[in-house]
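Small disclaimer: the values here were computed from a predicted structure and weren't measured.
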Amino acid sequence: SVPLISLGYMCVDGWKKPHLNPSGSRVVTREYIHHGEFSVDDPMRGGPKSAEHVDIMGNLDMTEDFLRIVTDFQANKLQNQIVSDIENIANRINAHPLGGLKPIKDSKIRALFKRM
């Protein structure tokens, strides 16, 4: 459960860049639509299809995906499931002259440390 722009951007863009993911680990972004329900037995939770912040841990679809990954049972069949506009947001960030995640050149790092 992550805020859309702050960490969602990294999931759909940042972690797919070789300089941020040098081992090339597979990154799959899965978003879940919130379908809240009210239960008299458990009025604090949003039900088995809730996608609200902490409630997501009880979401049946998320639990199934989690179990596929940790048991390696058909984990390779998991694909991106994006319901928000995060891919367009990431494209707009990358298109901005000051936006995006670009590799830092060694000379820039040395210059930064010289100033300290």
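Here salt bridge (charged side-chain N to carboxylate O under 4.0 Å, His left out) pairs that include residues 72-83, with residues two or more places apart or in two chains, number zero. Under the salt bridge (charged side-chain N to carboxylate O under 4.0 Å, His left out) criterion, the residue pairs touching residues 5-18 are Asp13-Lys17, with sequence neighbours excluded. Residue pairs satisfying the salt bridge (charged side-chain N to carboxylate O under 4.0 Å, His left out) criterion with at least one member in residues 86-95, sequence neighbours excluded, are absent.
For Glu31 (side chain) and Ser84 (main-chain N/O), a donor-acceptor pair under 3.5 Å exists by modelled atom type.
In this structure, the separation between CG on Asn94 and CG on Leu101 is 7.0 Å, given to the nearest 0.5 Å.
In terms of the side chain to side chain contact (heavy atoms under 4.5 Å, CB included) criterion, residue partners of Ile69 (sequence neighbours excluded) are, by chain and number, Leu78. Listed by chain and residue number, Asn88 satisfy the side chain to side chain contact (heavy atoms under 4.5 Å, CB included) test with Asn91 (two or more places apart in sequence, or in another chain). For Glu64, the side chain to side chain contact (heavy atoms under 4.5 Å, CB included) criterion is met by Arg68, not counting sequence neighbours.
Contact annotation: the side chain of Asp61 never approaches that of Phe66 to less than 4.5 Å [non-hydrogen atoms, C-beta and beyond]. With a 4.5 Å cut-off on side-chain heavy atoms, Met10 and Leu20 count as touching. Residues Ile89 and Tyr9 form no side-chain contact, since every pair of their non-hydrogen atoms from C-beta on lies 4.5 Å or further apart.
Taking all atoms of both residues into account, the shortest heavy-atom contact from Gln81 to Arg30 is OE1-NH2, 3.2 Å. Asn80 and Val28 get closest at one heavy-atom pair: OD1-CA, 3.4 Å.
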